[in-house]
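Since the structure is predicted, the reported quantities are computational estimates derived from the model, not experimental observations.
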Amino acid sequence: MRRPRGEPGSRAPRPTEGATCAGPGESWSPSPNSMLRVLLSAQASPARLSGLLLIPPVQPCCLGPSKWGDRPLGGGPRAGHVQGLQRLLEQAKSPGELLRWLGQNPTKVRAHHYPVALRRLGQLLGSQPRPPPVEQATLQDLSQLIIRNCPSFDIHTIHVCLHLAVLLGFPSDGPLVCALEQERRFRLPPKPPPPLQPVLRGGQRLEAALSCPRFLRYPRQNLISSLAEARPEELTPHVMVLLAQHLARHRLREPQLLEAIAHFLVVQEAQLSSKVGLPPTLPCSSVVQKLVLPFGRLNYLPLEQQFMPCLERILAREAGVAPLATVNILMSLCQLRCLPFRALHFVFSPGFINHISGTPHALIVRRYLSLLDAAVELELPGYRGPRLPRRQQVPIFPQPLITDRARCKYSHKDIVAEGLRQLLGEEKYRQDLTVPPGYCTDFLLCVSSSGAVLPVRTQDPFLPYPPRSCPQGQAASNPTTRDPAQRVVLMLRERWHFCRDGRVLLGSRALRERHLGLMGYQLLPLPFEELESQRGLPQLKSYLRQKLQALGLRWGPEGG
């Protein structure tokens, strides 16, 4: 192919050093660092800079060696001509020569040649010590060529040309950038219309609030306002169950909302019993257990006077229908120290125990019954009904609770263990020891009658259960034992052991501490506020020393 020779046009006067390059419609004054100066010049428009920053760089638009030659488009006998034109564009000596190769070979020009020409234009303007002057007409003709052919570009070529045009300083509101941007937007898939928001009323608003991600950050305000706007008839069992579950899950001890749940349970007792608004296969007690859950977990006994009588009536009717729901309700009432004797008679009866033995949830029901039996032993001296047979009893909590295992990396247990190891020695305490009837202790010490901390291996760390000083069912009146050695339990009170307000222990934690104390263990609470205020291990050791000495404990050479 014979290369056409174009006559160079008249040259414009060479501009002074340091001027910035401009696009069509402006005076073009190239300089050795024209593209960089577009970014740094105070005269660059915000639209131009924002266009540069918002368009992501595409790999083929770099100003280094060409990459189009490595992957030519097309094939057949004309592929050589296409590659030959690309080499001519890459070797052009001036902007005018670039325009001639594009304008005089229309049958050989492909879409990917235009990014090659723009990239070569940038190299000519930015890499030579004295770049050639550029005629305004040359730039306009090059822009018109790209504008006329850009409808045939693919989306990749449009992105590359748009990026290079911005880098070269073509104005964002000029014809070239506008045409490329219009083509880019035309190729984008249409955005689907936003879904229509349904009109929510009363309980639906509360249900939507409970499901809203923003609700997790501001749960109380949204809950109270939504509940206040709802009419009583709009508060369905499903809405109230969602509310109860949310309060329990997030440890929100909100008296106003808890009283609303208690009042709903009392007022809607007949509706729940007749299963109005409930699935036919869903027992009433299954809904009631979810409504009662937050009261036990949050250690809150409602002021509603009919709350307990209502639950006793429901348990009397539904105890045999849903065994797991029944013991779940009794577990919540156990945390509140409000166990009804009639319901205990039923769940400890041989018929109920035999009924649950072959069910899938037999183990969890037996664990709950074991805890209820311990509560009867320790807290209900007046109970004379049936008890859980010894062969049916299982450890209540044989390992740390799930919340403690899930948050172990935030716990103070490891640093407290290290402080006790350095303060007392490893042989004088036990960590995570489960004591009968199945409560896991954080740290346990054996102490002589004189207050000396004894090596645990020389003592039986367990106190007898039931306590030997009391006949069966009389432990609550006198929790002491005849064992001369005392057992001191250090109880970590982490932040998540409390309701969200940080002042009331969760029901399960309060129950464990209450029962350990009734069995004769001396409790030494370690609140999270005090643990978090200790700066480093030396301060923590000093804190533990003061706590132990306040109980009259001695250790080391002087303690024996």
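- Considering CE of M519 and CZ of F462, their distance stands at 11.5 Å, rounded to 0.5 Å.
- Under the 3.5 Å distance criterion, with hydrogens and angles disregarded, a donor-acceptor pair is assigned to the side chains of D373 and Q393.
- Shown here for H497 and L492, the closest heavy-atom pair between the two residues is ND1-O, 3.2 Å.
- Note that the CG atom of L339 and the CG atom of L372 stand 6.0 Å from one another [nearest 0.5 Å].
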Criterion side-chain contact (heavy atoms from CB on, under 4.5 Å) on V504 and F498, from CA distance to verdict: CA-CA 6 Å; V504 178; F498 292 83; 5.8 Å; no

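- Between W496 and Y410, the angle of the ring planes goes over 60°, which puts this pair in the perpendicular group of the 30/60° scheme.
- In terms of modelled atom types and a separation under 3.5 Å, the side chain of R487 and the main chain of A485 share a donor-acceptor contact.
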L444/L490 under side-chain contact (heavy atoms from CB on, under 4.5 Å): CA gap, chis, key distance, verdict: CA-CA 6 Å; L444 185 141; L490 279 67; over 6 Å; no

Pair H412-F528, ring-ring contact (aromatic ring centres under 6.0 Å, His included): steps then yes or no: CA-CA 8 Å; H412 294 89; F528 71 90; 8.3 Å; no

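- Look at E427 and R421 and you find no salt bridge, because none of the NZ, NE, NH1 or NH2 atoms lies under 4.0 Å from a carboxylate O.
- Between Y521 and H515, the distance separating the two ring centers is not shorter than 6.0 angstrom.
- Defined by atom type and a distance below 3.5 Å, a donor-acceptor pair is missing between the side-chain atoms of Q534 and E530.
- No more than 12 heavy atoms of other residues, nucleotides or ligands sit less than 6.0 Å from atom CD of Q305.
- Proximity of a side-chain donor or acceptor of N328 to a complementary backbone N or O of L324 within less than 3.5 Å is detected.
- Salt bridge status for E377 with R387: present, with a side-chain N to carboxylate O gap under 4.0 Å.
- Closest heavy-atom contact between G517 and L523: N-CD1, 4.3 Å.
- Side-chain atoms of S411 and E494 include a donor-acceptor pair closer than 3.5 Å.
- Side-chain contact of K290 with Q245: a donor-acceptor pair under 3.5 Å is absent, judged by distance alone.
- The two residues A374 and P437 have their closest heavy-atom pair at CB-CG, 3.9 Å.
- Screening L454, L524, L548, V489 for a side chain to side chain contact (heavy atoms under 4.5 Å, CB included) involving L445 leaves a single residue, L548.
- Using a distance-only test at 3.5 Å, with no hydrogens or angles considered, no donor-acceptor pair links the side chain of S542 to the main chain of Q539.
- The number of heavy atoms from other shown groups lying within 6.0 Å of CZ (R337) does not exceed 12.
- Within the 4.5 Å cutoff, no side-chain heavy atoms of R457 are placed close to those of R430.
- Taken to the nearest 0.5 Å, the CG atom of L518 stands 10.5 Å off from the OH atom of Y465.
- You'll find the side chain of S450 reaches within 4.5 Å of the side chain of R554, heavy atoms only.
- No side-chain donor-acceptor contact under 3.5 Å links T434 to the backbone of C440.
- Counting non-hydrogen atoms of neighbouring residues, nucleotides and ligands closer than 6.0 angstrom, the NE2 atom of H263 reaches no more than 12 such neighbours.
- The OG atom of S286 sits 11.0 Å away from the CG atom of L291 when rounded to the nearest 0.5 Å.
- Counting only heavy atoms from C-beta outward, the side chains of K413 and Q431 approach each other to under 4.5 Å.
- No donor-acceptor pair closer than 3.5 Å links the side chain of Y368 to the backbone N or O of I396.
- In this structure, the ring of H250 has its center less than 6.0 angstrom from the ring center of H246.
- A 4.5 Å side-chain heavy-atom check between L265 and F307 finds at least one atom pair inside the cut-off.
- When side chains are defined from C-beta on, L526 counts as touching L544, because their heavy atoms get closer than 4.5 Å.
- The backbone N or O of V394 sits less than 3.5 Å from a side-chain atom of S370, completing a donor-acceptor pair.
- Within 6.0 Å of CZ on R342 lie no more than 12 heavy atoms contributed by other residues, nucleotides or ligands.
- In this structure, M491 CE and E513 CD are separated by 4.5 Å, a value rounded to the nearest 0.5 Å.
- Judged by distance alone, with hydrogens and angles left aside, the side-chain atoms of S448 form a donor-acceptor pair with the main-chain N or O of A452 at under 3.5 Å.
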Test log, rule side-chain contact (heavy atoms from CB on, under 4.5 Å), inputs F295 and L336: CA-CA 8 Å; F295 297 99; L336 297 174; 4.0 Å; yes

Full working for side-chain contact (heavy atoms from CB on, under 4.5 Å) between V416 and L531: CA-CA 9 Å; V416 170; L531 293 173; 4.1 Å; yes

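- A 4.5 Å side-chain heavy-atom check between Q392 and L369 finds every atom pair outside the cut-off.
- Distance alone, capped at 3.5 Å, places no donor-acceptor pair between the E418 side chain and the L537 backbone.
- Minimum heavy-atom separation, P237 to V287: CB-CG1, 4.4 Å.
- Side-chain atoms of Y300 and Q335 form no donor-acceptor pair, as typed in the model, at a separation below 3.5 Å.
- Not one N or O on the side chain of R500 forms a donor-acceptor pair closer than 3.5 Å with the backbone of L252.
- Going from atom CG of L272 over to atom OG of S285 covers 10.5 Å, rounded to the nearest 0.5 Å.
- Residue R514 comes nearest to C334 through the heavy atom pair NH2-O, 3.5 Å, listed as atom of the first residue, atom of the second, then distance.
- In this structure, E532 and R495 have side chains that are in contact, with non-hydrogen atoms separated by less than 4.5 Å.
- Two residues are said to be in side-chain contact when any heavy atoms from C-beta on lie closer than 4.5 Å; W555 and Q549 meet this criterion.
- For the residue pair V347 and I353, the shortest heavy atom distance occurs at O-CG1, 3.8 Å.
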